[in-house]
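Following: one structure in structure tokens, then a few remarks.
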Amino acid sequence: MLLGAVRCVIATAPLYRPTMPRTGKPFSVTMTNCGGLGWVSDKDGGYRYQATHPVTGRPWPPIPPVLLALWDALSGYPAPPEACLVNVYGADAKLGSHADTDELEFAAPVLSVSLGDVATFHVGGTRRSDPKVRMRLHSGDVVILGGASRRAYHGIDRIHPGTSDLLAEGGRINLTLRRVMLR
Ligand code: SIN
Ligand code: MN
């Protein structure tokens, strides 16, 4: 059910490849979003949230009810997320260490769901130089960065190809639910 809903989101709001602020270097991950706001990045505009898809110019599709129910059950936050970032990782994709700081609301956690191949995830402290722990995220795993870890540095070191048969095309999908605006 969740995967079907994600496929519908991607059919409406196609995956695209963001670029890094200033350098314009392409991400190895492709992305799209659902929700009233979506997280985007490009050379000229940098990291930001916006209400429309940067390629189609259309509003993002709504967040599927199954994800809103997961947020209600696990977030401990009394309002819904406005943003769900969909990250798609091929066999060689990575996501460099970063903290999620483009939101206005930090009282809400960031909640992410992994689908498909296993990934090596790292999480550290609020300074880039803080020690990191590494763990393997499997399909169906949920990570919540909340409280003291809300602004923790985290990233994806590598994908382990062939470790799940959920996605016919292989690779991994990660869904990140975020509250952007203050209540
Ligand atoms: C992210 O930090 O945007 C995604 C993390 C993940 O893929 O697990
Ligand atoms: Mn993140």
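A quick note: this is a predicted structure, and the numbers were derived from the prediction, not measured. Counting starts at 1 for both ligands and their atoms, following the listed order.
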Worksheet item: Are the side chain of Trp71 and the backbone N or O of Ala79 linked by a donor-acceptor pair below 3.5 Å?
Response: yes
Worksheet entry | Backbone of Thr19 reached by a side-chain donor or acceptor of Asp42 within 3.5 Å | no
Worksheet entry | Short N or O distance, Asn174 and ligand 1, threshold 3.5 Å exclusive | yes
Item to complete: Could you walk me through whether Thr101 and Arg151 pass the side chain to side chain donor-acceptor pair (under 3.5 Å) test, one step at a time?
Response: CA-CA 7 Å; Thr101 55; Arg151 298 176 203 237; over 6 Å; no
Worksheet item: Hey, is Lys94 touching ligand 1 through its side chain, its backbone, both or neither, going by heavy atoms under 4.0 Å?
Response: neither
Discussion item. Let me confirm one number: the CG-CD1 distance from Leu167 to Ile173, rounded to the nearest 0.5 Å.
Written reply: 5.0 Å
Worksheet item: With distance as the sole test, does Arg128 use its side chain to make a donor-acceptor pair with the main-chain N or O of Ser97 at under 3.5 Å?
Response: yes
Worksheet item: Which heavy atom of the protein is the closest neighbour of atom 7 (O) of ligand 1, given with residue, atom name and distance?
Response: Tyr89 OH, 2.5 Å
Fill in: Listed protein N/O/S atoms, distance to the Mn ion (ligand 2) under 2.8 Å
His98 NE2, Asp100 OD1, His154 NE2
Response to the item:
One finds that the ligand 1 atoms under 4.0 Å from a non-hydrogen atom of His154 are 2 (O)
Discussion item. Arg178 vs Glu82, test: salt bridge (charged side-chain N to carboxylate O under 4.0 Å, His left out). Steps then yes/no.
Written reply: CA-CA 6 Å; Arg178 299 176 184 150; Glu82 303 99 333; over 6 Å; no
Fill in: Nearest-0.5 Å distance that lies between atom OG1 in Thr30 and atom CD1 in Ile10
7.5 Å
Worksheet item: Which option out of Leu137, Asn87, Val29 puts a heavy atom nearest to atom 3 (O) of ligand 1?
Response: Asn87
Worksheet item: Less than 6.0 Å separating the ring centroids of His98 and His154?
Response: yes
Worksheet item: Going by atom types alone, do Glu105 and Tyr77 pair a side-chain donor with an acceptor below 3.5 Å?
Response: yes
Discussion item. Which residue and atom name correspond to the protein heavy atom nearest atom 8 (O) of ligand 1, and how close is it?
Written reply: Arg172 NH2, 2.9 Å
Worksheet, complete the sentence: The option among Asp100, Asp141, Leu95 carrying the non-hydrogen atom nearest to atom 1 (C) of ligand 1 is Leu95
